[in-house]
Amino acid sequence: MSSTPHDPFYSSPFGPFYRRHTPYMVQPEYRIYEMNKRLQSRTEDSDNLWWDAFATEFFEDDATLTLSFCLEDGPKRYTIGRTLIPRYFSTVFEGGVTDLYYILKHSKESYHNSSITVDCDQCAMVTQHGKPMFTKVCTEGRLILEFTFDDLMRIKTWHFTIRQYRELVPRSILAMHAQDPQVLDQLSKNITRMGLTNFTLNYLRLCVILEPMQELMSRHKTYNLSPRDCLKTCLFQKWQRMVAPPAEPTRQPTTKRRKRKNSTSSTSNSSAGNATNSAGSKKKTPAASLSLSSQVPGLGAIPNCSLNPGRDGDLCHSTAVTPSGQFKEKH
């Protein structure tokens, strides 16, 4: 029985260096191919649940998506979190796009302990527009992706830097309206800005407001609080993190051996010891109330955040510590 190259025990006559390595897992570029296929399977009836499932399949729970480009009024940079990513992809199709896919050329991969980074300097985002006119838009730039190094291989960070874009109109459409100057003038105008539709740009501008409010909205959804109470609790927790001192490592108490005393001396000093303990407890009472100011040196006033404006229209008033150990409000 002669061995063939398809035999797993086949030994190449050219040595072991000519053997092919078995693939260990799916390559990162194949995940982009799978994402393109999922986007092509989208239908007109795809709702928010479909887009949430799409983002769950290809993006991590703490993933971020960043877009960098330059408009007429200067450079722009938008970063959105995982909860806003599904809506971003849906706005692309709401702006008149019928097809969306990404092309990666000459990408470089770097492997780390828990992630895989793909750096593609020649990435193209291709969108097919059906309205206001049939146009193909090629948006070129640099795409940097970070995948988790596990079986799911979902995207952890997405950073697309747009350099240039091209809008391609078929010659057949130009030939049809060659005698109509108004239509030709309309065809010569761009339908996107740096390859992005107005729906997507408006959503990215809105995300600048929505992204910081994610904590308020999640707190309102979890605890069913009013917007005013959510804002007060978030401000109070942030103030606590700013003022609270770092936690000191716990020390185990050292046990000391106490000497035995005579019964006569213990009974004679019992009344004096009780008086001393009562006086010491009275002295420790004010100190316990000022534990925060004693732990943080230079802390003369503890802010008490409130949404009621003071005399000068401020949202916070402070509580000063008097030398006698009492609190005194000052606006």
Side-chain angles (χ1 to χ4, degrees), residues 26-67 69 78-104 118 120 123-141 143 145-148 150-160 162 165 167-168 170 190-211 213-214 217-218 220-221:
V26 178
Q27 294 183 356
E29 289 190 11
Y30 188 75
R31 290 293 290 166
I32 302 299
Y33 170 74
E34 291 179 340
M35 188 176 70
N36 293 336
K37 288 186 63 177
R38 185 72 70 248
L39 290 173
Q40 291 176 1
S41 65
R42 181 200 65 90
T43 60
E44 296 294 336
D45 300 333
S46 298
D47 53 359
N48 294 333
L49 295 178
W50 190 92
W51 287 110
D52 288 336
F54 165 78
T56 303
E57 182 180 359
F58 294 99
F59 290 90
E60 284 287 331
D61 297 336
D62 57 345
T64 58
L65 187 146
T66 303
L67 291 176
F69 49 89
Y78 297 99
T79 301
I80 60 178
R82 166 63 181 81
T83 55
L84 302 177
I85 290 177
R87 181 62 180 160
Y88 161 75
F89 282 96
S90 65
T91 55
V92 176
F93 292 91
E94 290 176 2
V97 174
T98 58
D99 195 7
L100 166 66
Y101 57 92
Y102 294 87
I103 300 176
L104 277 64
V118 177
C120 182
C123 175
M125 181 182 70
V126 182
T127 54
Q128 192 74 47
H129 295 252
K131 57 181 181 180
M133 62 193 69
F134 189 80
T135 310
K136 183 178 181 180
V137 181
C138 298
T139 307
E140 300 176 354
L143 180 63
L145 302 175
E146 183 182 358
F147 294 85
T148 55
D150 55 6
D151 296 337
L152 297 178
M153 271 193 75
R154 296 189 297 182
I155 300 172
K156 192 173 183 180
T157 58
W158 173 298
H159 190 178
F160 187 36
I162 301 175
Y165 74 105
E167 297 186 359
L168 309 177
N190 295 332
I191 62 175
T192 63
R193 298 176 63 187
M194 292 303 294
L196 303 176
T197 61
N198 290 329
F199 278 82
T200 304
L201 288 175
N202 293 334
Y203 177 71
L204 292 175
R205 296 190 189 100
L206 185 62
C207 288
V208 177
I209 304 174
L210 292 177
E211 189 66 31
M213 295 178 63
Q214 292 298 313
M217 290 187 288
S218 74
H220 169 71
K221 187 176 181 180

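Just so it is clear, the values below take in all heavy atoms, side chains as well, and ignore hydrogens, waters and symmetry mates. This structure is a prediction, so every number in the text was calculated from the model and none was measured.
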Peer 1: Please give me the minimum heavy-atom distance between W51 and S46, naming the atom from each residue.
Peer 2: NE1-O, 4.2 Å
Peer 1: Decide yes or no for V118 and I32: does some side-chain heavy atom of the first lie under 4.5 Å from some side-chain heavy atom of the second?
Peer 2: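 In short, these two side chains do not touch, never coming nearer than 4.5 Å.
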Peer 1: Does the Lys NZ or Arg CZ of R42 fall within the cation-pi geometry relative to F93 - under 6.0 Å from the ring centre and within 45° of the axis?
Peer 2: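 Judged by the rule (NZ or CZ under 6.0 Å from the ring centre, within 45° of its axis), R42 counts as positioned above F93.
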Peer 1: Supply the atom-to-atom distance L39 CG to F54 CZ, rounded to the nearest 0.5 angstrom.
Peer 2: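 One gets 4.0 Å once the value is rounded to the nearest 0.5 Å.
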Peer 1: Between R31 and E34, is there a side-chain N and carboxylate O pair less than 4.0 Å apart?
Peer 2: yes
Peer 1: Could you give the distance from CG (N36) to CG (L100), rounded to the nearest 0.5 Å?
Peer 2: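 Going from CG on N36 over to CG on L100, the span is 7.5 Å.
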Peer 1: Can you tell if the side chain of T139 reaches within under 4.5 Å of the side chain of F69, non-hydrogen atoms only?
Peer 2: no
Peer 1: Is atom CG of D47 surrounded by more than 12 heavy atoms (other residues, nucleotides or ligands) closer than 6.0 Å?
Peer 2: yes
Peer 1: When rounded to the nearest 0.5 angstrom, what distance separates CD in E146 from NE2 in H159?
Peer 2: 13.0 Å
Peer 1: Using the ring-ring contact (aromatic ring centres under 6.0 Å, His included) criterion, which residues pair with Y33? Sequence neighbours excluded.
Peer 2: Y30
Peer 1: Are the side chains of F160 and T66 in contact, using a 4.5 Å heavy-atom criterion?
Peer 2: no
Peer 1: Where do D99 and Q40 come nearest, in terms of heavy atoms and distance?
Peer 2: OD1-CG, 3.8 Å
Peer 1: Starting at CD1 of I103, measure out to CD of E29 and round the result to the nearest 0.5 Å.
Peer 2: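 Nearest 0.5 Å value for the CD1-CD distance: 12.0 Å.
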Peer 1: Centroid-to-centroid, W158 to Y102, below 6.0 Å?
Peer 2: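 So the answer is yes for these two rings.
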Peer 1: Among T157, I155, I85, find the one that has a side chain to side chain contact (heavy atoms under 4.5 Å, CB included) with L65.
Peer 2: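 Going through T157, I155, I85 one by one, the side chain to side chain contact (heavy atoms under 4.5 Å, CB included) with L65 is satisfied by I85 alone.
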Peer 1: Pair up each side-chain donor or acceptor in residues 191-209 with any protein partner under 3.5 Å, not counting sequence neighbours, and list the distances.
Peer 2:
{"from": "T192", "atom 1": "OG1", "to": "E167", "atom 2": "OE2", "distance (Å)": "2.6"}
{"from": "R193", "atom 1": "NH2", "to": "E72", "atom 2": "OE1", "distance (Å)": "2.7"}
{"from": "T197", "atom 1": "OG1", "to": "T200", "atom 2": "N", "distance (Å)": "3.4"}
{"from": "T197", "atom 1": "OG1", "to": "T200", "atom 2": "OG1", "distance (Å)": "3.2"}
{"from": "N202", "atom 1": "OD1", "to": "R205", "atom 2": "NH1", "distance (Å)": "2.8"}
{"from": "N202", "atom 1": "ND2", "to": "N198", "atom 2": "O", "distance (Å)": "3.0"}
{"from": "Y203", "atom 1": "OH", "to": "L84", "atom 2": "O", "distance (Å)": "2.9"}

Peer 1: For T98 and G130, work out which heavy atoms get closest and say how close.
Peer 2: CG2-N, 4.1 Å
Peer 1: Flag the pair R82 / D62 as yes when at least one side-chain heavy-atom distance between them is below 4.5 Å, and no otherwise.
Peer 2: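 No, side chains not in contact.
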Peer 1: State whether the side chain of R154 and the backbone N or O of T56 hold a donor-acceptor pair below 3.5 Å, judged by distance alone.
Peer 2: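 Yes; at least one donor-acceptor contact below 3.5 Å.
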Peer 1: Just verifying a value: how many Å separate I162 CD1 and M125 CE, rounded to the nearest 0.5 Å?
Peer 2: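 I162 atom CD1 to M125 atom CE measures 5.5 Å (nearest 0.5 Å).
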Peer 1: Identify the two heavy atoms, one from Q128 and one from F134, that lie closest to each other, and give their separation to 0.1 Å.
Peer 2: NE2-CZ, 3.1 Å
Peer 1: Kindly compute the distance separating OG1 (T148) from CE (M153), expressed to the nearest 0.5 Å.
Peer 2: 7.5 Å
